[in-house]
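Have a look at the structure below before the remarks.
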Amino acid sequence: MRFQYLFSQTVQSIRRNPLVVASAVVAVLVTLVLVFGSIVVRWSIDQDIGRWDDNVRVIAWLGDDLTVDQVTALQADMQTWPEVDEVVYFSKSQALEEFRELFADQPALIEVVEDDPSVLPASLRIKPVEAGSYDVIQNRVAVIPGVQQVAAAGAEIDALVARSNRMSTFAVGILIVLGASALVLIANTIRMAVYARREEIGIMRLVGASNWFIRVPFLLEGLFEGIAGAALAALLVGLGHKPIVQLLSTVTDPDAIAVPFQFLLQQSLLVLAFGATTGLLGSALGMWGTLRD
Amino acid sequence: MIRLQGVTKLYEGGVVAAHDVTLEIAKGEFVFLVGPSGSGKSTLIRLLLREELPTSGDLWVAGKHVNKLASWKVPLLRRSVGTVFQDFKLLPNKTVYENVAFALEVIGRPRHVIRQQVPQVLRLVGLSAKADRMPRQLSGGEQQRVSIARAFVNRPLILFADEPTGNLDPGTSVGIMRLLDRINRTGTTVVMATHDHAIVDAMRRRVVELDRGGVVRDESHGGYQMVSPVPDSYEEDDGE
């Protein structure tokens, strides 16, 4: 009886002013499409970074005068650094082999190297725990005596990490600015609904309806608006994210950047939770000051 | 049943709406609050309903210390009293039945209780035949009966009536007074603010006269006019 009554009040209220309700729903929709969209795009960038991650190495070229013991000690020391995942010793002969593979189509170059093995020194190849922290390792390695030169494929990673961070910033910015506007729009619809029912509310007060009984229909209305907008946003992003991800990814193979369903589902639930919260907060804001005790 | 102890209510701008009012009303009494416009009749009722808080003093209604009541308990206070106004305050988009049932619905009464009590109270006010009419299809007197039915459907201990006959012609007013008298005889305490000399004089019940917020007369079986001079012109104004 009670729930049925409260629910029917909500439905009536929404029917009374469908355009205003629609505007609140659309505000939530737009906000969350942009937020959800950038989360998905960020995910695909992070996948790119992930692919790079595994292959990022800081290479410390070693001087020829280091003894095997010194090299082993150095390797053991680096292994204890928190940002280092793994350190592999790469001997002169291994380096030569790699060189031969890489430049198989340029025999002249290979000849030069073979003539003077000192051109290709031995090296330690250091795998960072996180690709982004390569520069920390690079700086630490550079000052070690006996290390001649340090190299890392940094710029590309930096660019990707920066892009991923930009997506996060974008998402947060959208969330704050458009989220606030969605909140205010919901508050406005609730305020109008309260105004439309002010006579009824006055009588409810008079005959002793509890404050919650008066408020719940409005909270439900805000909740509905928030969840409806969020559900539409989740649906839209779920169905339409592919072209955008493809446009922004460095990978051309569409299968490689297919966003997994589980990830979408997880994020959709978050989006729904956010929509629900916005709806409840919005209606609380709308009732503020109009529905006093 | 109702007790006021040194109740004073000051509004901004120095208006004294109630001045040191001390009053006791026993269970089952019928009390008229009389006095000119702005003498504080409506304010007293608003204070008793906890629509406003007194500036100082204490009020008790149906065992509840009204001015000390936690705000979440205010609805419980209002459930134990019924209130009727000059302007009926009916919902125009609901039928007579729905208007009365509304009062029970919104305090969460189960449906079978509503189905039983609403027809009963409509019979009491003599509107069983018009249960499906809309308020605009009724006369003023009938609308006031609906409003009384709504106030009484939850069987309150006290009925407050603020100028219930203020919008009605004398003939219709008599009918409303009979109804209020009937409700009073069921044991319900009735407190009625009014300007209507004829009614007060005819009923000969307890009269509490207010002037500028203070009690100037409290007389059982009183008439409208006694101590304070009343303007010759009949006052239509409801005061607040």
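In what follows, every chain begins at residue 1, and chains take the letters A, B, ... in the order their sequences are listed.
The stretch residues 181-204 of chain A participates, sequence neighbours left out, in these salt bridge (charged side-chain N to carboxylate O under 4.0 Å, His left out) pairs: A:R197-A:E200.
Contact annotation: the side chain of A:S210 approaches that of B:R79 to within less than 4.5 Å [non-hydrogen atoms, C-beta and beyond]. The side-chain heavy atoms of B:L91 and A:I203, taken from C-beta on, include a pair separated by under 4.5 Å.
A:M204 contributes atom CE, which lies 9.5 Å from atom CD of B:E105 (distance to the nearest 0.5 angstrom).
Around atom NZ of B:K64, more than 12 heavy atoms belonging to other residues, nucleotides or ligands sit under 6.0 Å away. Within 6.0 Å of CZ on A:F7 lie no more than 12 heavy atoms contributed by other residues, nucleotides or ligands. The number of heavy atoms from other shown groups lying within 6.0 Å of CZ (A:R16) is above 12.
When each of B:P156, B:P92, B:A103, B:G82 is checked for heavy-atom pairs under 4.5 Å with chain A, B:A103 comes out on top.
Residues B:I107 and A:G208 share a closest heavy-atom pair of CG2-O, 3.4 Å. Closest non-hydrogen pair, A:R205 versus B:R78, comes out as O-CD, 3.2 Å.
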| message | Walk me through whether B:E51 and A:L206 qualify under side-chain contact (heavy atoms from CB on, under 4.5 Å). | response | CA-CA 9 Å; B:E51 288 193 30; A:L206 185 70; 4.1 Å; yes
| request: Begin from the C-alpha positions of A:V207 and B:V106 and carry the test side-chain contact (heavy atoms from CB on, under 4.5 Å) through to its verdict. | output: CA-CA 8 Å; A:V207 300; B:V106 300; 3.5 Å; yes
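With a 4.5 Å cut-off on non-hydrogen atoms, B:F160 does not touch chain A at all.
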